[in-house]
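Right, one structure below, let's go through it.
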There are 2 protein chains.
Amino acid sequence: MTITKPILSSRVMIDDTVAQLEALIMRGELQPGDRLPEQQLANTLGVSRGPLREAIRTLEGRRLLERTPHAGVRVVQLSLDDLEQLLVMREALEGMACRQAAEQMTVHEIHKLRETAARIEKLINEGSLFIFSGQLDADFHLQIAIGSRNQWIRRLLCEDLYSLLRLYRLHGVRQPDNIALVTAKEHHEIIDRIHARDPDGAEQTMRAHVRHSRDRLLSQIRAAG
Amino acid sequence: MTITKPILSSRVMIDDTVAQLEALIMRGELQPGDRLPEQQLANTLGVSRGPLREAIRTLEGRRLLERTPHAGVRVVQLSLDDLEQLLVMREALEGMACRQAAEQMTVHEIHKLRETAARIEKLINEGSLFIFSGQLDADFHLQIAIGSRNQWIRRLLCEDLYSLLRLYRLHGVRQPDNIALVTAKEHHEIIDRIHARDPDGAEQTMRAHVRHSRDRLLSQIRAAG
DNA sequence: CCTGTTGAGATTGTAGACAAATATGCGACT
DNA sequence: AGTCGCATATTTGTCTACAATCTCAACAGG
């Protein structure tokens, strides 16, 4: 009997379509509120309506798309209140992830985390960090989510929540340097609590970090718009 | 010629199919690990493979089903570790929901919550409450999730998490009466913290409640199997 | 006897056509 | 001129057929 399991090698159009749709949304070519005409989109993506509809269903599950029966599909439009509530949820989930990371992360993972934090700090000192657009900042939180060994929280954060938050196009929201330095300091505190195997402290520190970031972001947006 | 097809409802077939599939899983007619042959299932449910596949995609998004390309779809099989991690996530989310409920719930909602808690206590005193199967207990947590005014946490708890947890078929897990009384006491404490508009206390109390429930459940399962 | 291959059967993935429902636009009537 | 109603058009929802892939058992060879 062959033991080979060609799961990874088999490419399915639907998965590619999901990725392409997600890319279209993230690149802003499909903006919040935009309608998705099935036939036209199918032609554009080079697939039939069947696979496209299944891909749409998948993204509906991630709350990126919303369907009203017989009226079509639209890219979700997040209100400011939605953004706030999503970030509240993030505080709860990342706090718990950080608690578990303090219990579960290996020393090697913690070392890698310090490297990431150091790179972020370096960028801040160079004055070139856009906190909410940086891949590095996302990496920092991603590493902790992975370190929690909680696949359910990790998938929720990485697959669902982060893409939803990116809908708000926070790119270009510039943090004043003094604020960015506070962020860097918080990163170090978080790592210290994880390294000290202090779950309570790790959770509290991460929650404060997410809360601060949320408060600053919301007040910035409210001031701008 | 024209073939009249019986229209089951004004809703779209796909939504009905999602509901029927979910019911099949919850009723145990489709058990964890079971394969879902598309053609056969489509015949059983009286729909074509197209709508069925879209319904399956929807339930995939809720993590109730898992698909491996070209190999079919199966009902998700939760390990004991999965159950523990899901309940850890629940602690974080319900804790935060309870915090927000303490800030947002109306006095009328709090009153309704007290009524639910009273009904639960009454059942306990009659010795007839199966904590983890009771619709009343689910109602208690549901009302708090609604009271949080956080639709994202509420949908995650009610639409995704609760059905996943029900996969474990905790029906019939009998709580000793003295334990059930502790549960009832915790319910009252939670309501008191909400009524006192004490977010910190409400979150801490709810988290302790969920944590205790998790610990008891896991030790019961580990002892049994 | 075991191993690896190969082909038939079954199942999943995709495409295109048909049916149902909603939106649009024109014309008639008040 | 405005509004109601009907017919048309567009879009979504569903079905059937076809193609691609996997499974499994039979079988040839070592």
Side-chain angles (χ1 to χ4, degrees), chain A residues 1-22 24-25 30-31 33-61 64-77, chain B residues 1-22 24-25 29-31 33-61 63-77:
Chain A
M1 300 293 278
T2 54
I3 314 177
T4 54
K5 282 190 166 184
I7 295 176
L8 294 176
S9 63
S10 55
R11 299 182 58 81
V12 178
M13 245 180 211
I14 298 174
D15 294 336
D16 291 336
T17 308
V18 169
Q20 287 187 59
L21 271 183
E22 202 172 354
L24 281 180
I25 297 172
L30 282 174
Q31 295 212 346
D34 278 1
R35 205 150 126 40
L36 280 70
E38 294 184 359
Q39 189 59 61
Q40 178 186 325
L41 245 185
N43 296 340
T44 303
L45 298 179
V47 298
S48 180
R49 281 182 56 215
L52 174 62
R53 283 175 61 92
E54 293 195 32
I56 287 175
R57 288 277 166 190
T58 298
L59 292 182
E60 265 185 272
L64 271 175
L65 299 177
E66 278 179 337
R67 151 174 269 129
T68 48
H70 299 108
V73 181
R74 292 179 179 279
V75 180
V76 68
Q77 223 163 2
Chain B
M1 307 314 174
T2 53
I3 300 175
T4 54
K5 297 195 72 64
I7 300 174
L8 295 177
S9 76
S10 59
R11 291 167 51 195
V12 266
M13 255 182 204
I14 299 174
D15 294 336
D16 291 334
T17 308
V18 169
Q20 288 188 57
L21 271 183
E22 202 172 353
L24 281 180
I25 297 172
E29 300 180 37
L30 283 174
Q31 294 212 347
D34 279 0
R35 209 152 119 44
L36 280 72
E38 295 184 0
Q39 189 59 61
Q40 177 186 326
L41 244 186
N43 296 340
T44 303
L45 298 180
V47 298
S48 178
R49 281 183 55 219
L52 174 63
R53 282 175 62 90
E54 293 195 32
I56 287 174
R57 288 277 168 191
T58 298
L59 292 182
E60 265 185 273
R63 313 282 187 198
L64 271 175
L65 300 177
E66 276 179 339
R67 149 174 271 129
T68 49
H70 299 111
V73 181
R74 293 179 178 279
V75 180
V76 68
Q77 223 165 2

Legend entry - Distance, rounded to the nearest Å, where B:His70 contributes NE2 and D:dA20 contributes P: 11 Å

Inset, instruction - Find the distance A:Glu60:CD to D:dG13:C1' and express it as a whole number of Å. - result: 13 Å

Inset, instruction - Pick base, sugar-phosphate or nothing for A:Leu41, based on heavy-atom distances below 4.0 Å to the nucleic acid. - result: nothing

Legend entry - side-chain contact (heavy atoms from CB on, under 4.5 Å), paired with A:Thr17, selected from A:Val12, A:Thr58, A:Leu52: A:Leu52

Inset, instruction - Answer yes or no: does atom CD of B:Glu29 have more than 12 heavy-atom neighbours from other residues, nucleotides or ligands under 6.0 Å? - result: yes

Inset, instruction - Using atom types as modelled and distance alone, determine if a side-chain donor or acceptor of B:Arg49 lies under 3.5 Å from a backbone N or O of B:Gln39. - result: no

Legend entry - No-H, no-angle donor-acceptor pair, A:Arg67 side chain to D:dG13 base, under 3.5 Å: no

Inset, instruction - Considering just the side-chain nitrogens and oxygens of A:Arg74, establish if one lies under 4.0 Å of OP1 or OP2 belonging to D:dT12. - result: no

Legend entry - Protein-nucleotide distance (A:Asp15, atom CG; C:dG13, atom P), rounded to Å: 9 Å

Legend entry - Between P of C:dT14 and CZ of B:Arg53, the distance in whole Å: 7 Å

Legend entry - Under-4.0 Å side-chain N/O to phosphate OP1/OP2 contact, B:Arg35 with C:dT12: yes

Inset, instruction - Please answer whether the main-chain N or O of A:Val73 pairs with a side-chain N or O of A:Arg67 as donor and acceptor at a distance below 3.5 Å. - result: no

Inset, instruction - Check every strand shown and say whether A:Leu36 touches a base, only sugar-phosphate, or nothing at a heavy-atom separation below 4.0 Å. - result: sugar-phosphate

Inset, instruction - Would you mind telling me which of A:Asp34, A:Leu30, A:Leu36, A:Val76 makes a side-chain contact (heavy atoms from CB on, under 4.5 Å) with A:Ile25? - result: A:Leu30

Inset, instruction - Answer with base, sugar-phosphate or nothing: what part of the nucleic acid does A:Val47 contact at a heavy-atom distance below 4.0 Å? - result: sugar-phosphate

Inset, instruction - Return the value, rounded to whole Å, for the distance between atom CD of B:Glu38 and atom C1' of D:dA20. - result: 14 Å

Legend entry - Euclidean distance, atom CG of residue B:Leu45 to atom C1' of D:dT14 [Å, nearest integer]: 15 Å

Legend entry - Atom-pair distance (CG on B:Leu65; P on C:dT12), nearest Å: 13 Å

Inset, instruction - Describe the nucleic acid contact of A:Gly50 in one word from base, sugar-phosphate, nothing, applying a heavy-atom distance below 4.0 Å. - result: nothing

Legend entry - Integer-rounded Å distance: C:dT14 C1' and A:Arg49 CZ: 13 Å

